[in-house]
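To start, the structure itself, in structure tokens.
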Amino acid sequence: MSNTIRTLRFLNNEMTQEELADKVGVTRQTIMSIEKGKYSPSLELAFKIAEIFGKPLQEIFTYKK
């Protein structure tokens, strides 16, 4: 699974991983792992991230077979 979280953070006043983590209730390490594609977020966490950026899930997360 790939994502655009890193880009969205920078377009959103250069939000840090820590700031995003605080807003969605996870650790900075979790955000880092999601951005690198090493961890797939739960559906609930994916929706929380999408809500923070005001984007639909499919604009943030892409599933590659």
Side-chain angles (χ1 to χ4, degrees):
M1 181 179 297
S2 64
N3 65 75
T4 59
I5 295 172
R6 182 177 169 84
T7 301
L8 289 169
R9 283 192 305 103
F10 283 102
L11 293 175
N12 197 338
N13 295 320
E14 297 186 14
M15 180 187 298
T16 66
Q17 289 176 336
E18 186 72 37
E19 289 170 329
L20 178 57
D22 288 344
K23 289 178 186 231
V24 297
V26 297
T27 64
R28 183 191 64 77
Q29 290 81 3
T30 299
I31 297 299
M32 181 179 63
S33 293
I34 294 169
E35 284 185 3
K36 290 183 175 186
K38 294 182 178 183
Y39 174 76
S40 294
S42 67
L43 192 53
E44 180 180 1
L45 178 54
F47 273 110
K48 286 180 180 180
I49 292 169
E51 184 177 344
I52 294 296
F53 295 117
K55 303 274 185 192
L57 282 177
Q58 63 270 23
E59 285 188 27
I60 299 174
F61 298 98
T62 305
Y63 176 73
K64 295 180 181 180
K65 294 181 182 179

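Nothing here was measured: the structure is a model prediction, and the numbers come from that model.
Heavy atoms of other residues, nucleotides or ligands lying less than 6.0 angstrom from CD of E51 number 12 at most.
Counting Ile, Leu, Val, Met, Phe, Trp and Tyr side chains that sit under 4.5 Å apart, directly or through other members, I5 shares a hydrophobic cluster with M1, L8, M15, L20, V24, V26, I31, I34, Y39, L43, L45, F47, I49, I52, F53, L57, I60, F61.
Residue pairs meeting the salt bridge (charged side-chain N to carboxylate O under 4.0 Å, His left out) criterion with at least one partner in residues 29-40, sequence neighbours excluded, are R9-E35.
Heavy-atom minimum distance, K65 versus Y63: CG-CE2, 3.8 Å.
Under the side-chain contact (heavy atoms from CB on, under 4.5 Å) criterion, T7 pairs with L11, not counting sequence neighbours. Contacts of E18 classified as side-chain contact (heavy atoms from CB on, under 4.5 Å), with partners at least two apart in sequence or in another chain: T16, D22, R28. The side chain to side chain donor-acceptor pair (under 3.5 Å) search around T62 returns none, not counting sequence neighbours. Under the rule for a side-chain contact (heavy atoms from CB on, under 4.5 Å), the partners of E44 that lie at least two apart in sequence or sit in another chain are S42, K48.
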